[in-house]
Amino acid sequence: MAKEPARVLVTGAAGQIGYALVPMIARGIMLGADQPVILHLLDIPPAAEALNGVKMELVDAAFPLLKGVVATTDVVEACTGVNIAVMVGGFPRKEGMERKDVMTKNVSIYKSQASALEKHAAPNCKVLVVANPANTNALILKEFAPSIPEKNVTCLTRLDHNRALGQVSERLNVQVSDVKNVIIWGNHSSSQYPDVNHATVKTPSGEKCVRELVADDAWLNGEFISTVQQRGAAIIKARKLSSALSAASSACDHIRDWVLGTPEGTWVSMGVYSDGSYNVPSGLIFSFPVTCQNGEWKIVQGLSIDEFSRKKLDATADELSEEKALAYSCLS
């Protein structure tokens, strides 16, 4: 029997990431080839004409799974009945702006969107925040939508996770699909910690540790980490635009694994509400290794953390605690 359509909200839908993301959702990349969707597209009034252009193109593409498009600048209309919300819209930092200025703008955006989601989204709506600062925007959204369970509010670190997989696969000249269980710890910022200590590669003679195969600790503890941390900036330098295709693709990966489950023996990185695991302060949205089953994520427990890793985890947690304090100061 045909499934009921899922309603998927994309905010900032006329922007670069939104434009790359909506056809992926309409084609079934996010929720599967048997799941019909109705897209809810939200953007700000100055982008209304461009948003209508995106809607026209979605109609023109004649996606079999796409059962409807709501394109609007009204936050209530956009949030009504949605099962999944991908929050791409936010206020980008501009030259000469202080972090607090950007935070103040984003706190105000996420406060109003949280309120609309809480009142109008479908029960058990799953939320993914993409717009930076993603972890703290997600935290603000969670604070102002108290009836949305904290386990349903996440942020995107899958892009960083996929970047780490890509760097390992390039270095070892192996298929990226044969690399698994890298971890992104912490903030989706340059303080994040890409960790390969538990990562493996499938080889003809079985699974091998990444660290053993790379056999270059200096690279893994140095250039590898900084390349993943700074990859967004490198893409801006090369394209003169920020990552869009890869961000959209990883947003699909994040939701797909959350809804449909992770493969046995594989974990992924998601920014989720900390419960104190790995001595990370609770009350932060922090990237952890997680497995997903039946639409629920669970932090992978019991992984060994060496001294080098502990320092990196603490540093990114400190940055997130500072961001949280800054965001809360914008509320007063």
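Within the 3.5 Å criterion, the main-chain N or O of Ser304 finds a donor-acceptor partner in the side chain of His198. The main-chain N or O of Pro64 is found under 3.5 Å from a side-chain atom of Lys67 such that the two form a donor-acceptor pair. Between the side chain of Ser282 and the backbone N or O of Gly276 there is no donor-acceptor pair closer than 3.5 Å. In this structure, the side chain of Asn83 engages the main chain of Arg7 through a donor-acceptor pair within 3.5 Å. In this structure, the side chain of Lys126 engages the main chain of Gly295 through a donor-acceptor pair within 3.5 Å. Between the side chain of Glu118 and the main chain of Ser147, a donor-acceptor pair closer than 3.5 Å is present. A distance-only check finds a donor-acceptor pair linking the side chain of Asn135 to the backbone of Gly186 [under 3.5 Å]. Of the possible polar contacts, none joining the Asp43 side chain to the Thr73 backbone as a donor-acceptor pair under 3.5 Å is found. Counting only distance, with no hydrogens or angles, the side chain of His188 and the backbone of Ala134 share no donor-acceptor pair below 3.5 Å. Judged purely by atom type and a 3.5 angstrom limit, Asp178 has no side-chain atom pairing as donor or acceptor with the backbone of Val201.
Distance check, rounded to the nearest 0.5 Å: OG of Ser108 to CD1 of Ile140 gives 10.5 Å. For the atom pair CD1 of Ile148 and SG of Cys125, the computed distance is 6.0 Å after rounding to the nearest 0.5 Å. Interatomic distance, SG of Cys155 versus CG of Asn132, reported as 9.0 Å (0.5 Å rounding). Here the straight-line distance linking atom CG of Leu320 with atom OG of Ser191 works out to 6.0 Å at 0.5 Å rounding. Once rounded to the nearest 0.5 Å, the distance linking OG1 of Thr291 with NZ of Lys298 reads 5.5 Å. For the atom pair CD of Glu223 and CD1 of Ile225, the computed distance is 11.0 Å after rounding to the nearest 0.5 Å.
With a 6.0 Å radius and a threshold of 12 heavy atoms from other residues, nucleotides or ligands, Lys240 has its NZ atom above the threshold. Heavy atoms of other residues, nucleotides or ligands lying less than 6.0 angstrom from CD of Glu49 number 12 at most. The local environment of CD in Glu307 is sparse, with at most 12 non-hydrogen atoms from other residues, nucleotides or ligands closer than 6.0 Å. Counting heavy-atom neighbours within 6.0 Å of Tyr19 OH, excluding the residue itself, gives a total of 12 or less.
Side-chain contacts under 4.5 Å among hydrophobic residues (ILVMFWY), followed directly or transitively, place Ile29 together with Met24.
Take Lys151 and apply the side chain to side chain contact (heavy atoms under 4.5 Å, CB included) test, not counting sequence neighbours, and it matches Asn124, Pro149, Glu296, Trp297. For Lys180, the salt bridge (Lys or Arg N to Asp or Glu O under 4.0 Å) criterion is met by Glu207, not counting sequence neighbours. When the salt bridge (Lys or Arg N to Asp or Glu O under 4.0 Å) test is applied to Arg231, no partner is found at least two apart in sequence or on another chain. Considering only residues two or more places apart in sequence or on other chains, Asp216 meets the salt bridge (Lys or Arg N to Asp or Glu O under 4.0 Å) condition with Arg171. With sequence neighbours left out, the salt bridge (Lys or Arg N to Asp or Glu O under 4.0 Å) criterion links Asp306 to no other residue. Gln230 pairs by the side chain to side chain donor-acceptor pair (under 3.5 Å) definition with nothing, not counting sequence neighbours. Not counting sequence neighbours, the partners of Lys3 by the side chain to side chain contact (heavy atoms under 4.5 Å, CB included) test are Asp34, Gln35, Pro36. Partners of Asn197 under the side chain to side chain donor-acceptor pair (under 3.5 Å) rule, at least two apart in sequence or in another chain, are Asp195, Arg211, Ser309.
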(request) Carefully, step by step, assess Leu139 and Lys324 under the rule side chain to side chain contact (heavy atoms under 4.5 Å, CB included). (result) CA-CA 8 Å; Leu139 190 64; Lys324 179 180 178 178; 3.6 Å; yes
(request) Go through Glu143 and Tyr328 one step at a time and tell me if the side chain to side chain contact (heavy atoms under 4.5 Å, CB included) criterion holds. (result) CA-CA 10 Å; Glu143 292 292 317; Tyr328 279 52; 2.8 Å; yes
(message) One pair to check against side chain to side chain contact (heavy atoms under 4.5 Å, CB included): Ser189 and Glu319. What are the steps and the verdict?
(response) CA-CA 9 Å; Ser189 75; Glu319 183 183 69; 2.5 Å; yes
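Lys111 and Ser115 share no side-chain donor-acceptor pair at under 3.5 Å. Side-chain contact of Glu77 with Thr72: a donor-acceptor pair under 3.5 Å is present, judged by distance alone. A donor-acceptor pair shorter than 3.5 Å can be found between the side chains of His254 and Thr154. For the residue pair Gln192 and Thr316, no side-chain donor N or O sits within less than 3.5 Å of a side-chain acceptor on the partner.
The side-chain heavy atoms of Met103 and Pro133, taken from C-beta on, include a pair separated by under 4.5 Å. Looking at Leu31 and Ile255, their side chains come closer than 4.5 Å, going by heavy atoms from C-beta outward. With a 4.5 Å cut-off on side-chain heavy atoms, Ile285 and Val272 do not count as touching. Between Trp267 and Leu303 there is a side-chain heavy-atom pair separated by less than 4.5 Å. Using a 4.5 Å cut-off on side-chain heavy atoms (C-beta onward), Leu58 and Leu41 make contact. Contact check for Arg310 versus Asn279: side-chain heavy atoms found under the 4.5 Å cut-off. Annotation: side chain of Met30 is in contact with side chain of Val8 (closest heavy-atom distance under 4.5 Å). Residues Thr136 and Asn187 form no side-chain contact, since every pair of their non-hydrogen atoms from C-beta on lies 4.5 Å or further apart.
In this structure, Phe286 and Phe288 have tilted ring planes: the angle between them lies in the 30° to 60° band. Taking the six-membered ring where the residue is Trp, Trp185 and Tyr278 present perpendicular rings, their angle passing 60° and hence far from 30°. Aromatic ring orientation, Phe308 versus Tyr193: perpendicular (interplanar angle above 60°, classes split at 30° and 60°).
Among pairs with a residue in residues 85-122, none fulfils ring-ring contact (aromatic ring centres under 6.0 Å, His included), at least two apart in sequence or across chains. Residue pairs that meet the salt bridge (charged side-chain N to carboxylate O under 4.0 Å, His left out) test with at least one member in residues 256-285, sequence neighbours left out, are Arg158-Asp257, Asp253-Arg256.
Hydrophobic clustering of Ile, Leu, Val, Met, Phe, Trp and Tyr side chains at less than 4.5 Å, counting indirect connections, keeps Leu39 apart from Leu65.
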Listed pairs under 3.5 Å, donor-acceptor, residues 241-248 side chains, sequence neighbours left out:
{"residue": "Ser243", "atom": "OG", "partner": "Arg163", "partner atom": "NH2", "Å": "2.9"}

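Scanning all heavy atoms of the two residues, the minimum distance from Ser169 to Val179 falls at CB-CG2, 4.1 Å.
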